[in-house]
Amino acid sequence: MAEHNIQQLNRFKIERENSIQFPLRKMLKDSISEYILSDIQNVNVKLWKELSCISKVSNKDDVKRLKHFVKNNKSNLGSMLYDELKSAVKEIAEDFEWVRSKDGLIIMEIEDWIENARLRLGKEYPDVLIYIGRSFVNPKELIIGGVVNDDDEQKLFENYFNNQNPPVPIHFKIIVQNEE
């Protein structure tokens with residue numbers, strides 16, 4: 001029995017590693033880092049105060065304000081700090097545009113669904129070997145997989161997740177590993 005459980009766990013880990021598990025939202029940049037703000041504070045407190053007020057982006061006007069700030073303060077910052085700030089603002093602007101793109105909207109909707117489904121699964125079935133993620137090949141593909149003991153358990157989880165109104169069809173990779 002212990003050998004069977006170890007095999008299930010190993011198979012689960014291998015399968016899970018073949019899907020995107022890390023929340024994309026944590027990788028998207030929407031504000032100037034504390035590191036850059038601190039460096040600007042050391043150079044010019046007035047500029048730091050101004051930038052601190054506009055450093056978090058939530059709409060197109062915020063992006064425009066940041067770009068305008070960078071453009072207008074090139075001479076007030078050293079070339080290295082200016083380049084760092086310019087690069088950070090470029091990344092923020094690109095992430096802002098991507099999140100609002102067709103692909104970005106779909107992927108973020110999938111990410112939100114995944115987060116909620118993981119929370120629900122953890123509360124309702126805390127000991128099950130099921131993972132929820134996105135495909136590396138097609139990030140708009142929702143993958144749910146894992147290892148279960150029998151066909152009935154596989155159907156239970158397929159119905160369980162399909163009844164949670166996923167934003168895209170689910171690609172199930174739930175493996176039935178019968179005891180031998």
Side-chain angles (χ1 to χ4, degrees), residues 13 16-126 130-145 160-171:
K13 287 179 181 178
R16 185 180 63 192
E17 288 173 4
N18 289 315
S19 67
I20 299 171
Q21 293 293 306
F22 189 79
L24 179 65
R25 195 175 305 281
K26 290 184 179 182
M27 294 172 45
L28 297 172
K29 191 166 181 155
D30 67 352
S31 62
I32 302 297
S33 72
E34 289 299 319
Y35 172 77
I36 292 175
L37 286 171
S38 175
D39 283 353
I40 290 174
Q41 183 180 20
N42 291 335
V43 171
N44 187 319
V45 174
K46 183 180 176 208
L47 288 181
W48 168 75
K49 286 180 182 177
E50 184 181 341
L51 182 58
S52 293
C53 293
I54 62 170
S55 68
K56 178 110 170 103
V57 168
S58 59
N59 58 50
K60 281 185 177 184
D61 289 337
D62 293 343
V63 174
K64 287 179 186 176
R65 276 191 280 280
L66 275 178
K67 288 180 177 180
H68 186 75
F69 179 90
V70 171
K71 182 180 174 186
N72 288 343
N73 288 292
K74 183 176 183 175
S75 61
N76 297 328
L77 304 169
S79 64
M80 244 172 79
L81 186 52
Y82 170 78
D83 289 342
E84 272 186 74
L85 180 61
K86 183 178 176 183
S87 177
V89 170
K90 181 180 179 196
E91 186 178 349
I92 290 168
E94 288 171 353
D95 286 354
F96 180 83
E97 288 302 316
W98 179 84
V99 165
R100 282 143 188 82
S101 71
K102 184 178 176 183
D103 286 349
L105 290 169
I106 291 168
I107 290 173
M108 296 312 291
E109 187 177 354
I110 294 168
E111 290 270 332
D112 290 341
W113 187 90
I114 288 171
E115 184 178 333
N116 290 328
R118 285 177 179 160
L119 288 172
R120 186 172 173 190
L121 180 69
K123 288 177 185 172
E124 295 177 23
Y125 299 97
I130 298 287
Y131 65 87
I132 308 167
R134 291 184 299 112
S135 167
F136 281 116
V137 177
N138 177 7
K140 294 182 281 184
E141 181 180 39
L142 175 59
I143 297 174
I144 297 179
Y160 173 80
F161 288 112
N162 279 325
N163 289 334
Q164 292 183 34
N165 300 316
V168 296
I170 299 171
H171 182 85

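Excluded from the calculations below are hydrogen atoms, water molecules and symmetry mates; all remaining heavy atoms, backbone and side chain alike, are included.
- Nearest heavy atom pair, residue F96 against residue N59, reads CZ-C, 3.4 Å.
- Separation of atoms CD1 (I114) and CE (M108) is listed at 10.5 Å; rounding is to 0.5 Å.
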Evaluate side chain to side chain contact (heavy atoms under 4.5 Å, CB included) for F161 paired with L142, printing each intermediate quantity in order. CA-CA 11 Å; F161 288 112; L142 175 59; over 6 Å; no
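- Side-chain atoms of V89 and V63, non-hydrogen and from C-beta on, never get closer than 4.5 Å to each other.
- Within the structure, side chain to side chain donor-acceptor pair (under 3.5 Å) contacts touching residues 100-124 (residues at least two apart or in different chains) are Q21-R118, R25-D112, D103-K140, E111-R134, R120-E124, E124-Y160.
- Across all their heavy atoms, S135 and I20 have their closest contact at O-CD1, 3.4 Å.
- Summarising the geometry, atom CZ belonging to R65 is positioned 13.5 Å from atom CG belonging to N72; distances are rounded to the nearest 0.5 Å.
- Nearest heavy atoms, P139 versus I110: O-CD1, 4.5 Å.
- Under the salt bridge (charged side-chain N to carboxylate O under 4.0 Å, His left out) criterion, D95 pairs with no residue, sequence neighbours left out.
- Atoms CG and CG, from L81 and L85 in turn, are 6.5 Å apart once rounded to the nearest 0.5 Å.
- Rounding to the nearest 0.5 Å gives a distance of 7.5 Å between CD1 of I36 and OG of S87.
- The two atoms that bring S19 and G133 nearest to each other are OG-CA, 4.3 Å, heavy atoms only.
- Side-chain contact between Y82 and N76: absent, with no pair of heavy atoms (C-beta onward) separated by less than 4.5 Å.
- Other residues, nucleotides and ligands contribute more than 12 heavy atoms inside 6.0 Å of the NE2 atom of H171.
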Step by step, would you call V99 with I107 a side chain to side chain contact (heavy atoms under 4.5 Å, CB included)? CA-CA 9 Å; V99 165; I107 290 173; over 6 Å; no
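- A distance of 10.5 Å separates CD1 of I32 from CD of E84, quoted to the nearest 0.5 Å.
- Between the side chain of S38 and the backbone N or O of E34, no donor-acceptor pair lies under 3.5 Å.
- A salt bridge is absent between K86 and D83: the closest approach of a Lys/Arg side-chain nitrogen to an acidic carboxylate oxygen does not fall below 4.0 angstrom.
- Qualifying ring-ring contact (aromatic ring centres under 6.0 Å, His included) partners for F136, counting only residues two or more places apart in sequence or in other chains: none.
- A distance of 11.0 Å separates CD1 of I40 from OH of Y35, quoted to the nearest 0.5 Å.
- Other residues, nucleotides and ligands contribute over 12 non-hydrogen atoms within 6.0 Å of the CZ atom of F22.
- In this structure the side chain of N42 never reaches within 4.5 angstrom of the side chain of W48, judged on heavy atoms.
- The shortest side-chain heavy-atom distance between Y131 and N18 does not fall under the 4.5 Å cut-off.
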